[in-house]
Amino acid sequence: MATKNPLQLKYEESRRRLLMDRSVPGRMGVSLPPNDVPEQPMPGSDILRNEMDFPEVTEGEIVRYFSQLSQFNFSIDHNFYPLGSCTMKYNPKVNDEVAGLRGFTDIHPLQPESTVQGALKLMWELQEYLAEITGMPGVSLAPMAGADGELAGMLMARAYHLERGDTQRTKVLIPDSAHGTNPATATMSGFEVVTLPSDARGDTDLDALRNSVGDDLAGLMITLPSTLGLFDSNIDQVVKIVRDAGGIVYGDGANLNALLGRVRMGDLGFDVMHSNLHKTFTQPHGGGGPGSGPVLVGPRLLPYLPTPWVTRRADGEDETFSFTTPEKSIGRMAAFHGNFGALVRAYAYISTLGKEGIAAISDDAVLNANYVMSQLKDDYDLPYDRVCMHEVVLSARTLKRQHGVSALDVAKRLIDYGIHPPTMYFPLIVEEALMVEPTETESKETLDYFIEVMKTIAREARDEPSLLHDAPHDTPNSRLDEARAARQPDLRWRRQT
Ligand SMILES: *Cc1c(COP(=O)(O)O)cnc(C)c1O
């Protein structure tokens with residue numbers, strides 16, 4: 001890499017400077033008109049905060065500052081973003097446009113229902129779409145995120161058992177290939193978690209499952225496809241064993257990209273599931289929201305759905321929509337009606353694609369992941385060598401043993417090639433894991449570029465490992481101390497003394 005001359009380094013340093021450090025006394029970002037009202041005395045100095053610092057910058061400088069900051073960011077609108085289990089696919093702009101219509105943005109959650117029938121109709125139709133897509137008849141759009149949908153689902157499972165007097169059903173089985181939120185949710189809902197091992201193929205170990213079910217079984221939470229990117233080929237057996245033992249079967253369908261139009265959790269016998277609208281059904285996400293994680297149930301849990309739930313009454317041509325509370329509802333997940341803007345975007349997305357478009361998502365998502373897998377399996381370890389679903393879990397185990405290059409080093413080096421790192425060190429059962437989810441919206445050219453870059457990095461690991469240890473090189477900040485960034489975050493500007 002060419003070394004930078006002092007002037008180039010100075011330029012880079014200037015781009016990293018915070019707004020306060022760009023301040024020069026006397027500079028102004030606005031010009032005010034001459035005062036045309038009488039001057040008033042200032043409040044007493046006891047309530048004036050003299051210690052407050054405001055940056056003094058020109059308008060041009062402040063625009064540059066924020067524009068530069070926005071370029072330090074990375075988003076799906078910038079480049080390829082293969083972050084496994086997060087489904088960073090392209091979000092069509094028409095969805096945002098629809099969600100921004102004044103009829104949607106200018107309504108208030110406390111308005112009388114008769115004045116927001118259009119919004120209620122949209123919610124009802126979205127419930128119907130999701131019910132058809134998943135084969136689960138009951139849908140509540142209230143949960144604000146995937147983990148919130150899980151919480152709703154497991155609270156329903158708890159209410160179901162308690163109502164039947166089954167207070168001894170306290171145990172929830174969770175395969176070790178499940179998403180990390182699953183055990184957290186089961187614990188928060190008051191259950192005791194028992195981890196099930198995966199077998200050599202990456203499926204749920206059926207013998208371990210049979211040995212774990214009994215009178216104390218509350219249910220099972222399974223991520224499908226699993227976080228290994230695999231469709232559990234024992235799923236029929238898994239569902240049957242749990243149901244026969246009186247347990248509730250929970251399906252984590254946060255990422256349905258691989259299943260859309262092919263497999264419905266309802267048809268497989270699941271009692272309850274959630275899906276992330278902000279992953280499967282496109283919303284700009286990352287950085288903490290806003291998301292939406294509708295919870296969907298089969299007949300056993302229908303009476304327990306959280307409120308509100310939109311129902312329709314039809315009388316000839318006339319239809320009326322209203323918020324309803326199911327008979328034995330577990331109550332509210334949030335103050336109002338879920339993240340309405342996210343619901344509008346998902347509705348726009350599903351309506352635009354239609355039935356055939358929805359099925360094409362799974363074709364392309366699975367094809368893309370398998371293409372990446374087939375091209376990279378000689379350069380990286382592939383712990384489970386079988387057809388994958390919407391994502392593929394590779395491993396940098398051999399690179400680490402032979403060249404001291406870790407999954408973290410590979411991920412950081414990808415940034416130098418303009419690619420967002422994949423999910424790393426997850427799932428926990430794969431050593432040096434790199435979890436790649438290409439999604440269905442990427443072109444073959446982009447996938448080929450990614451493949452070439454990954455092969456190049458594997459070569460660099462052999463020939464010049466130090467290049468990877470220090471990566472990324474071409475970003476405003478190079479390799480950070482991640483432990484210190486998490487433990488001693490430096491979030492506030494302080495005057496240098
Ligand atoms: C993202 C994800 C979740 C959690 O969803 P949030 O919206 O982040 O709460 C749960 N399960 C799986 C499989 C996921 O990928």
Side-chain angles (χ1 to χ4, degrees), residues 76 81-89 91 130 134 140-155 172 174-189 193 198 202 204 220-232 235 249-260 263 265 270 272-296 306 333-334 338-339 341-343 345-346 361-362 365 369 388-393 420 422-430 433 435-439:
I76 186 64
Y81 204 140
L83 189 64
S85 204
C86 293
T87 311
M88 305 304 283
K89 61 168 134 177
N91 303 297
L130 294 174
T134 59
S140 168
L141 305 173
M144 302 291 221
D148 204 24
E150 289 177 35
L151 182 64
M154 292 313 282
L155 290 177
V172 170
I174 304 185
D176 57 10
S177 61
H179 194 265
T181 46
N182 299 177
T185 298
T187 306
M188 276 182 70
S189 311
V193 173
S198 300
T204 303
L220 164 119
M221 288 185 91
I222 188 165
T223 304
L224 193 73
S226 72
T227 63
L228 295 168
L230 303 176
F231 189 86
D232 196 319
I235 195 66
V249 185
Y250 188 102
D252 182 336
N255 321 100
L256 283 181
N257 296 40
L259 306 188
L260 289 173
V263 175
M265 288 205 187
F270 282 77
V272 50
M273 65 176 287
H274 79 275
S275 186
N276 286 18
L277 297 186
H278 49 287
K279 291 177 181 168
T280 309
F281 300 97
T282 68
Q283 316 277 331
H285 65 286
S292 178
V295 64
L296 306 100
M333 299 307 293
N339 268 326
L343 306 182
R345 285 185 188 83
I361 291 175
S362 49
C388 66
M389 294 283 106
H390 62 295
E391 59 197 358
V392 54
V393 178
H420 194 281
T423 298
M424 307 169 277
Y425 300 100
F426 186 81
L428 302 175
I429 49 177
V430 172
M435 187 196 215
V436 177
E437 182 182 1
T439 82

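Worth saying up front: this structure is predicted, and the values here are computed from it rather than measured. Ligands are counted one by one from 1 in listed order, and the atoms in each one are counted from 1 as well. Keep in mind that the numbers below use all heavy atoms, side chains included, and drop hydrogens, waters and symmetry copies.
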Asn339 side chain to Ser292 side chain, donor-acceptor N/O pair below 3.5 angstrom: no

Side-chain heavy atoms of Phe270 within contact of Thr134, under 4.5 Å: no

ring-ring contact (aromatic ring centres under 6.0 Å, His included) involving Tyr81 - partner list, sequence neighbours excluded: Phe74, His420

Donor-acceptor side-chain pairing of Glu437 and Ser85 below 3.5 angstrom: no

Amino acids in close contact with ligand 1, where any non-hydrogen atom sits under 4.0 angstrom away: Ser85, Ala145, Gly146, Ala147, Glu150, His179, Thr181, Thr223, Asp252, Ala254, Asn255, Asn276, His278, Lys279

Note, Met88 side chain near His285 side chain (heavy atom, < 4.5 Å): yes

Leu141 side chain reached by Leu130 side chain, heavy atoms, under 4.5 Å: yes

